[in-house]
Structure formats: structure tokens, C-alpha cells
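Following: one structure in C-alpha cells, then a few remarks.
Labels below follow one simple rule: chain letters A, B, ... track the order of the sequence lines, proteins then strands, and each chain is numbered from 1.
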Amino acid sequence: MIQNELKKYIAQAFLDLYKAEISSDSIAIEKTSDDYEGDYTFVVFPYLKTTRKSPEQTAQQIGEYLIQQGAPIQSFEVLKGFLNLVVKAEFWIQFLQNEAQLPEFGSNQSGNQQKVLVEYSSPNTNKPLHLGHIRNNLLGYSIIQILKANGFEVKSCNLINDRGIHICKSMLAWLEQGNGETPESSGIKGDHLVGKYYVVFEKQNKLEKEQLIASGMSEEEAGKSTPSMKRAQDLLRKWEAGDEETIQIWKTMNGWVYDGFGQTYTKLGVNFDQFYYESNTYLLGKELVQEGLDKGVFFKKADGSVWVDLTEDGLDQKLLLRGDGTSVYITQDLGTAELKFGDFAYNRSVYVVGNEQDYHFKVLQLILKKLNKPYAEGIYHMSYGMVELPDGKMKSREGKVVDADDLIQEMVQTAGETTEALGKTEGLTEEAKADLFHLIGMGALKYFLLKVDPRKKMLFNPAESIDFQGNTGPFIQYTHARIRSVLRNGAGLETSFEASSISVSKAEKNLLKNLYQYPLVVAEAAREMSPGVVCNYLFDLAKSYNQFYHDHSILKEENPAQRAFRLVLCDSVGRVIRHGGSLLGIGMPEKM
RNA sequence: GGUUCCAUAGCUCAGCUGGAUAGAGCAACGGUUUUCUAAACCGUGGGUCGCAGGUUCGAGUCCUGCUGGGACUACCA
């Protein structure tokens, strides 16, 4: 790493010039701002007390020292307290020849094969997926690829919430008003069909609730007392009692939903190593609750309910088991954590779950720590912001959602229309066209959702379509297609060259410097748990490639060494774009 | 009420552990194609970084207060 090398030289400079011992780790080297000549900058302001010289003098002396001692720089420039260093051109060329061409360029082994389990998606089975779920799925998928590229051994899982009152609502409405409708009979995708009956239930329930309120009942009371809600609860009780007919309907309707989800997952390009079902895990937590009682970290109230006191940790008391002995959400999660650890002895367990559950995960981890679970420390809530519409958060219950399947279809369609309009479908079979449109449409959608810092909420305006130009997925895909086109046209040309027989222009050096950053970006993405870091990088890289492409001729360059250099540069940029795209789940076309 | 997150151009977002004149994209306007893919490239206009203090050589970044907004704070999941 050139930065580290420079730091060592600078630390040595302090020792020799000023008799001051400064660890090279504490020295900050940053990229030189574009407005100035130079590649890296050392800021001397913090060290003036030890050098007892003016900023200019200090910078000048250190710069001269670096040249004298043979640091890998060819020149330097001092502006106020800024020492701008120009790295030797050969350095960049050697980097291109020796490192950038390696297939594993960008990846590292810092994870040391530590085991990470990533849970993501985790849908309810009473309604189809919406845009918020897409963000979750893409983040989960991407962070898995990023962790793998950093040398972690990663397994993915999906905890499906297949039981509970919400599923019973769909079941009830279907039983009462469905007339035996099935996905086959109606031609409706399974998850949408079940979602349809969820909406039927909610509509009916809302009417009943309004009637109760009109007759003088409080809103809270009315919410629990509608005839529909009571019947749904009856159904839940029957389910928990194992009533055969109820279980049968439950299985059938969940089956429809899984078919539907499966199709959506396939379109999104996500997959899972393992599925967990809450119907299997919801009872497991009870054992942990008993364990906590035995250890005296939980306590029982007079009505038999079990609680944990987290007031010392700045939180409240938290219910772990209802008075009637049934489990609540957190109980299940305790059990699931234990189960997961048993299946895959992880060092870290990542939960890709929205930030509305920040409190929940804080509690979960605290409780597991109180139980002295060895895996408690490794729990990490990858908390991401909600996707909001211009008028606020999406609400399934009110039908205020952007449906996942609709949006995907729309993106692919727009990609098709755009591609056709640009006349880029010549000679493609229908199948190749469909694949390309899907690749581009999904590229646009994925990039749109992943480029934003996961921690932040983001806005989606359905009235404005997602762009295909500028800072977008298709821009990067297009850049890749251009590169591939050049390489196809230049196939067979010589690609080895002597560093001494070429010159490196500003655009070329800029591109090389960008390439050089890539391994740092991959590491940062894992450290920050943010695919957005990769997005921003790829956009920068593609932009500097396009500038280079615009400024220089590649195949028509007459100096064979220079041409070879540019071809290798193109190839390396193409590799990095593909590698980076794979971290995001975005495929790169050969032509578009 | 308590906990917590957020506020940067008309819109959507970058801005790494504090560093030089705060950057992109979209939208607006203007230019570039007999030359490797114009989903591209170049240029113009656009800012009290929510407000007020503080810390220091230096603050969009750190601290305090205020304003505005979101989430959580259920014997829902």
C-alpha cells in the first residue's frame, strides 16, 4: 500500500529532521484534492509544535527529505501547510501490470474465514412483498457478497413468519368469502391471492370497528372486539391447538405464498442457504426463559408472566412470556438465536431488519448477554431505514405500498423500451432480449436502492420513474458494455508492454488511481456494512473511464506499447466493474 | 413524557478517523458524433451545510442548547 509506505518515510523524516518519534499509524495521508497537482497529501499543521517551523518550511523540509531518501515520489509541491506528493508514474504502471490483472483483485482475507450468519428478507406470509422488502433483500444479498469478498465464511438464512394472527386474517377471509379460489382457478400469483384476502379482511374489520365506535365503544376496545377479529382469534386458537382442518388450510395458503415469493426471489436474484419457520421455532424460546428464571436473571409476576428488568441498562422492563404461558415476539427470537447457533457456530450473526426494530434488537442482545450466551456478543443488527413515499411510510394495511412484482415488471419494461428506442436490439434473439432487459431493469432498480447509505431512510416517488442515465446502474452497465466492445474489437492485439515506452496522461492516471482504491473500497464496505460504498465507487470509476474513453483513442493508438497499456487498463476496469457489480447483485452485459 | 435517528443546491443523494474555494446525478440552459457504443463527454447557472453558541491553527464533520421531522417506547410481529 503506497499510503503506508509514504507514512513510514514521513515518520522517519520526523525522527531524522526533528528528533521526534511519531508512529507511522498516526500519520494521516489523504488523497489530494482535484484542484491541486499531486496524488497524496500530508497535512503538517498538527505537527508544527514538534517541528518549531512555519507550515511552509516544515512541508518543504519533509518533501525534500522524501526525495532525498528515495521515497516513491517524483515531485512535491507545498501550499501553506499542505504537502502534495506526486507518486512516480512507474508505480501506477507496475500496479496495473502486477496487481490489477489478478482475478482476485479487490478481495481480501481479513475475515480469516470467520463464520457469519446473515438473516434477511424474513417476510410475513399474509401479503406480497413490497418495495421495503426489496430494499431488505438487496441489502442482505449484497452484504453477504461483500463479507465473502473480505474472507468471511458466510451463510444466509430467511426466517419466515408463517404463523400468527395476520395469517389467520387472510385465512378467515378466504374461508368466508373465497369460494375456494386458488391461484390456478384465478390466475393470480399465490402471494397476491393471499394478500387479496388480507385486504378483504381489513376492509370488513374496519367497517365493523367503525360501527362499534359509533355505538360508543372506545377505539382501542373496538379494535379488539369486532366479530371478524374475534373469529380470526378463534382460528388462531384452533391453529395452536393443532386443529387438522385449520392446519390444512394454513399449509395450503402458505404454500401458495411460498410459490409466489419464490418467483419474486428468483427475479431479484436472491437466495438462501437455509429457511427457518416461526411455526417451528416459536416454542423454543420458552426453554431459554426457564433458564433465565433458574439463573435468576428473569422474574415472574403474580399473574405468572415472566419479565426481565433492563432498567439498569437504560431500558424498561420487558415481557418475555405471557401470563398464560404463550410466547411473544422476543421469546421466539431468543429461541431462534439458540437454534441458529446450534446449526452454524457463528462468530457473528447479522440481522438485516428495519430500524423500526432497533429497540427490539438492543433488548435481544442484552438478554442473551444476561444469559451468558457465548454468541450474544456477535449479534449485529444491520439496521436500515424505511423506504418512504412522498406522503410518508408505506402501510400494507392501507394498501399504501409499491408492490414488488409490479415495480420489477415496470423496470424491465422501461429498460426494454429504452433499449429498443436506442436501436440496440439488432441481431438479438427474443430470449437474449428478455435477458438483457431484465439485467438492465434490475440494474437500475438495485443500484437505486443500494446507493443510499443503508442506515438512512430513503424516498421513492412513484410519479418519477427511476433513472437510466447519470448516477445509475445502467450507466455502469453501459460503461462495461463499452469496455467489452473495445476488447472484442481489439482481440488478438498485443497486451504486453514496457513501462518505459509509454506516457501516462492525466485521464489515465486518474483511472489508475481509482482502480488502486478498489481493495480499500471492498474493505470499507464490509467495515461500514454498506453496499452504498461500492455503488459510489463504481460510479466514480465508470465516470473516469468514460472521460478516458472520450479523451483517448485506444485501438487507433499508433504506439503499440501505449495501445497495449490502454487495453490492459480497459480490461482491468472491466474486471473491477464486474467484481463490484457482483457484490451488489448487478450483472454486467457484454453489449447494450 | 422517555429513548433514539435525521436535517447539505429546486429534487434525490455523496462528503473516510476534523483539513485547501462543500461535490455528484436529475431537472434548466448551451455545446460535442465522417473516428473504438452519445444510456456518453464538456460547459453555464444554482448553497447562510436547519438555527445559535462553544472547542482550535482549522468545523458540513466534534460538544451544548434550540427548532423542525421520523422511529421506538403493546401480554402485535
Would you indicate what [X] reaches in the nucleic acid, counting non-hydrogen atoms under 4.0 angstrom: base, sugar-phosphate, or nothing?
X      : result
A:L459 : sugar-phosphate
A:Y359 : sugar-phosphate
A:P55  : nothing
A:K543 : sugar-phosphate
A:H480 : nothing
A:T472 : nothing
A:G323 : base
A:V328 : sugar-phosphate
A:K451 : nothing
A:L520 : nothing
A:M458 : sugar-phosphate
A:F539 : sugar-phosphate
A:E590 : base
A:Q357 : base

Whole-Å gap separating [atom2] ([N]) and [atom1] ([X]):
X      : N     : atom1 : atom2 : result
A:Y329 : B:C75 : OH    : P     : 15 Å
A:I483 : B:A39 : CD1   : C1'   : 15 Å
A:K556 : B:U35 : NZ    : P     : 8 Å
A:Q469 : B:C11 : CD    : C1'   : 17 Å
A:H133 : B:A77 : NE2   : P     : 16 Å
A:Q317 : B:C72 : CD    : P     : 22 Å
A:L436 : B:U37 : CG    : C1'   : 13 Å
A:F468 : B:A40 : CZ    : C1'   : 17 Å

No-H, no-angle donor-acceptor pair, A:N84 side chain to B:A20 base, under 3.5 Å: yes
base_contact_polar (B:C75 base, A:D303 side chain, donor-acceptor, <3.5 Å): yes
Ring-face cation contact, A:W307 with A:K301, 6.0 Å cut, 45° max: yes
A:R163 to A:Y282, cation-pi by 6.0 Å centre distance and 45° axis angle: yes
Candidates A:L584, A:L138, A:I134 - the one meeting side-chain contact (heavy atoms from CB on, under 4.5 Å) with A:K446: A:L138
Check: A:F45 ring centroid to A:F82 ring centroid under 6.0 Å: yes
Check: A:H166 ring centroid to A:Y198 ring centroid under 6.0 Å: no
Step-by-step side chain to side chain contact (heavy atoms under 4.5 Å, CB included) determination, A:I466 to A:M411: CA-CA 8 Å; A:I466 293 175; A:M411 294 302 297; 3.8 Å; yes
Ring-base stacking, A:Y478 with B:A40 (5.5 Å, 30° cut-offs): no
